[in-house]
There are 2 protein chains.
Amino acid sequence: MKKKPSARRPITSTAEFARYVGLARTTVSRVLNRQPGLKSNTIERVQRAMDETGFTPNAYAVHLKGKSTSTIGICMEDLLTPTAVKKLSALQRLLRSRHYTSLIEVLEPGQSQRLVRHFLSMRVEGIVFIGHFPPEELAQRIAELNGHGTPHVVIDHVGIPNAHSVTLDRAGGMVDVVNHLVARGHRSFGLLGISAWLHGKLGRMHGIIQALAAHRLPFAQCTRSLDHLHKRENDFEFGRTLAASFATLKDRPTAYLALNDAIAIGTMHGLQAAGLDIPGEAAVTGFNNQEICAMTRPTLTSVDQQIEETIRVGAEVLLGQIGQPPRSKPILRTIEPKLVIRQSSDFQLG
Amino acid sequence: MKKKPSARRPITSTAEFARYVGLARTTVSRVLNRQPGLKSNTIERVQRAMDETGFTPNAYAVHLKGKSTSTIGICMEDLLTPTAVKKLSALQRLLRSRHYTSLIEVLEPGQSQRLVRHFLSMRVEGIVFIGHFPPEELAQRIAELNGHGTPHVVIDHVGIPNAHSVTLDRAGGMVDVVNHLVARGHRSFGLLGISAWLHGKLGRMHGIIQALAAHRLPFAQCTRSLDHLHKRENDFEFGRTLAASFATLKDRPTAYLALNDAIAIGTMHGLQAAGLDIPGEAAVTGFNNQEICAMTRPTLTSVDQQIEETIRVGAEVLLGQIGQPPRSKPILRTIEPKLVIRQSSDFQLG
DNA sequence: GACACGTGAGGACACGTGTCCGCGTCAAGT
DNA sequence: ACTTGACGCGGACACGTGTCCTCACGTGTC
């Protein structure tokens, strides 16, 4: 005999609930808000009634009354790339531990204004942007938020004027990669999906150039890119076809630096399909250090994004703005990535 | 010279905003709610002022006034497994297209009551559960929701009494797998992480038994499991160590059926490390058909979960309850998965 | 018996919005 | 000049809550 929780219309206001308990509405309200000066007997009565009826105060009325919403808006580029989702997951967990609720929305192109308005109408106390967005659009939103004095932080998206941001030092990561490969005897490098225009000083290309220069290796002769030959999708298939093209070259590079892990894995497939041994005849490196890197044959050397650290700092930047006067200078924080060496590059040439 | 959007304190009420525009509050309200009988000139003035000030009506006050919240609560087991996130992504997109906002929360064990209360206090119009939860806990929440008459749907989690649910027919998927492997000449099967108690009639084991029986193959002699030898984590490493153990067997199976893709990939690694050719000497199949299946060597045969379809049906079940009288019988819908044959099993045994 | 004290009742107000209603204003049509 | 709409104004109320206030009741103390 289970106690049926009264399949009746649920109680929707403290007034109604107070009648059910047999107390005054104000008394119930004081119990719910843990005010002092109440008999423990009364408190228990209310508790019991809440369990019986499942009554919950209307959050809309509570916050209307002026209580802060403790809500953070999170704007995502999408929910399909593993790294984006990992960031989201880490961020939500962290916010929850600080007693913030998160409002998660995926931004469809051109809808950013509508989305930010939605967040503002929900009176969020701050907004986080995760992923890559059309820069002009994002810049406009940031300008609006600065106008309102709404706290915000942009994760890993450089070049937005006046935006508070946390960015991964991809250049630093590539410096580590190049140093590692040079130490293993490599002198010629294939670049897969890596272009100069991305991320400026913090971009991958900048790091590669810097590191090669430090080893007195001439960039133009040491590196080769075939990106223009194939449809650029930054995915597995892109890497595979690129590798097939590289394999036909007479003096092909001995090391391959990919924009991300999917391209790197595609590259390994392509090279292996052409009969090349990895890492014996060609080294391959990825970027992002997804779980998948440990599941390939050979396992893939990659650069870890330090997601936890990025999010930790991002939350710090965001929450630090709440309740403070708006800053005149944007906050810019940089995260150092970490090279994880695995089989795909761990072979001494010569 | 950019127009600075007035770094002043933002406007927070229609009254204040109406003073800014030079109209009556009620007139502004009628513009915002698209009521008829307004000069287009007036509408434009309000529009322009909204762009200038970025004013947004307080959602808490709007919904307090009785307007429905158009919000759906989504309760996730976690945000780290790719399939869970894919479901979330598909669901949120679908809900958005129907003009619902989603409230996404990750359930920490033991916090389900608090979480559901949070949803209810936000006056959601329905709740979706995605992932695997402690069954008793979930059952209790469902009972409460039924008590309130709050619409809900449980995605892919069988055995919750009185829950409206959408479930993948894993048994059917395994029937397809077994039929495929038998057609390729296999007669002995290694089971990796697959147990009988999961999901009952819709569970994998049930399908395997059924399919073998149809081929007049005696289950006990045809199948083998070594799950008890290793720490069960349902991940890559579990598969790898299992495979290592299988490799030492004298009369080892020729086909390996894994609970999921990660175990299957681990299994391939383990078998390959022992010198076995896949699919020449051993066939391997996964479950879930994640992207990664196309990136392994050899590519992995797997069973596709039909996530889009699952979510479509789930949303249909949920939204169908809104505004309707509560049902006495729970809705149970089943989704048929789809076998995707790739290299790892596509070999005709001699 | 007077008093203080602890506890709860009940009234009042504010929060921002949507909506209804009566009233003014202004221009166009008769 | 008068009527008729069209349009906007401003007052009023309700939504559910938190908080403050005053008042009443009961118990224990001096």
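- With sequence neighbours left out, the salt bridge (charged side-chain N to carboxylate O under 4.0 Å, His left out) criterion links B:Arg117 to A:Asp51.
- In this structure, the CG atom of B:Leu32 is 15 Å from the P atom of C:dG16, given to the nearest Å.
- Side chain of B:Phe55, nearest nucleotide from D:dG18, D:dG16, C:dT17: C:dT17.
- Within the structure, every side-chain polar atom (N or O) of B:Ser29 is placed at least 4.0 Å from both OP1 and OP2 of C:dT17.
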Check the pair A:Leu32, A:Thr14 against side chain to side chain contact (heavy atoms under 4.5 Å, CB included), reporting the backbone distance first and the verdict last. CA-CA 10 Å; A:Leu32 294 180; A:Thr14 30; 4.0 Å; yes
At a cut-off of 3.5 Å, list every protein nitrogen or oxygen paired with a nitrogen or oxygen from nucleotides 10-15 of chain D, distance to 0.1 Å.
{"residue": "D:dG10", "atom": "N7", "partner": "B:Thr26", "partner atom": "OG1", "Å": "3.1"}
{"residue": "D:dA12", "atom": "N6", "partner": "B:Arg25", "partner atom": "NH2", "Å": "3.4"}

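- Protein atom NE2 of B:His63 is 12 Å distant from nucleotide atom C1' of C:dG18, rounded to whole Å.
- Considering only residues two or more places apart in sequence or on other chains, B:Glu77 meets the salt bridge (charged side-chain N to carboxylate O under 4.0 Å, His left out) condition with none of them.
- Checked against ring pair (Phe, Tyr, Trp, His ring centres under 6.0 Å), A:Phe17 has the following partners two or more places apart in sequence or in another chain: A:Phe55.
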Candidate pair B:Ile142 and B:Phe129, rule side chain to side chain contact (heavy atoms under 4.5 Å, CB included), full reasoning: CA-CA 10 Å; B:Ile142 294 295; B:Phe129 294 87; 4.0 Å; yes
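- Side-chain contact between A:Glu105 and B:Thr101 is present, with heavy atoms from C-beta onward closer than 4.5 Å.
- OP1 and OP2 of C:dT17 both lie 4.0 Å or more from every side-chain N or O belonging to B:Asn58.
- A search for salt bridge (charged side-chain N to carboxylate O under 4.0 Å, His left out) contacts involving A:Arg114 returns nothing, not counting sequence neighbours.
- Within residues 113-121 of chain B, no residue has any heavy atom closer than 4.0 Å to DNA chain C.
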Base versus backbone protein contacts along nucleotides 23-29 of chain C [heavy-atom cut-off under 4.0 Å; B, S, -]: -------
Writing each nucleotide of DNA chain D 5' to 3' as (, ), [, ], | or . by Watson-Crick or G-U pairing under 3.5 Å yields ||||||||||||||||||||||||||||||
Given the rule in the side chain to side chain contact (heavy atoms under 4.5 Å, CB included) test, do A:Cys75 and A:Leu115 qualify, once you have shown the distances and angles that lead to the verdict? CA-CA 8 Å; A:Cys75 177; A:Leu115 177 51; 3.6 Å; yes
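- In this structure, A:Gln92 CD and B:Leu79 CG are separated by 6.0 Å, a value rounded to the nearest 0.5 Å.
- Following rounding to the nearest Å, A:Asn33 (CG) and D:dC20 (C1') show an atom-to-atom distance of 14 Å.
- The side chain of A:Thr14 contributes no N or O atom lying less than 4.0 Å from OP1 or OP2 of D:dG16.
- The ring-ring contact (aromatic ring centres under 6.0 Å, His included) pairs that include a residue from residues 65-86 of chain B number zero, where partners must be two or more places apart or lie in different chains.
- A straight line from CD of B:Gln35 to C1' of D:dA6 spans 16 Å, rounded to a whole angstrom.
- Summarising the geometry, the separation between NZ on A:Lys67 and C1' on D:dG16 is reported as 13 Å, rounded to the nearest angstrom.
- Among pairs with a residue in residues 127-141 of chain B, those fulfilling side-chain hydrogen bond (donor to acceptor under 3.5 Å, both in side chains) read B:Ser112-B:Glu137, B:Ser112-B:Arg141, B:Arg141-B:Glu144, at least two apart in sequence or across chains.
- For the ring pair (Phe, Tyr, Trp, His ring centres under 6.0 Å) test, no residue two or more places apart in sequence or in another chain qualifies with A:His118.
- For B:Glu125, there are no salt bridge (charged side-chain N to carboxylate O under 4.0 Å, His left out) partners two or more places apart in sequence or in a different chain.
- In A:Glu308, the CD atom is not crowded: 12 or fewer heavy atoms of neighbouring residues, nucleotides or ligands sit closer than 6.0 Å.
- Atom OH of B:Tyr60 and atom C1' of C:dG16 are 13 Å apart (whole Å).
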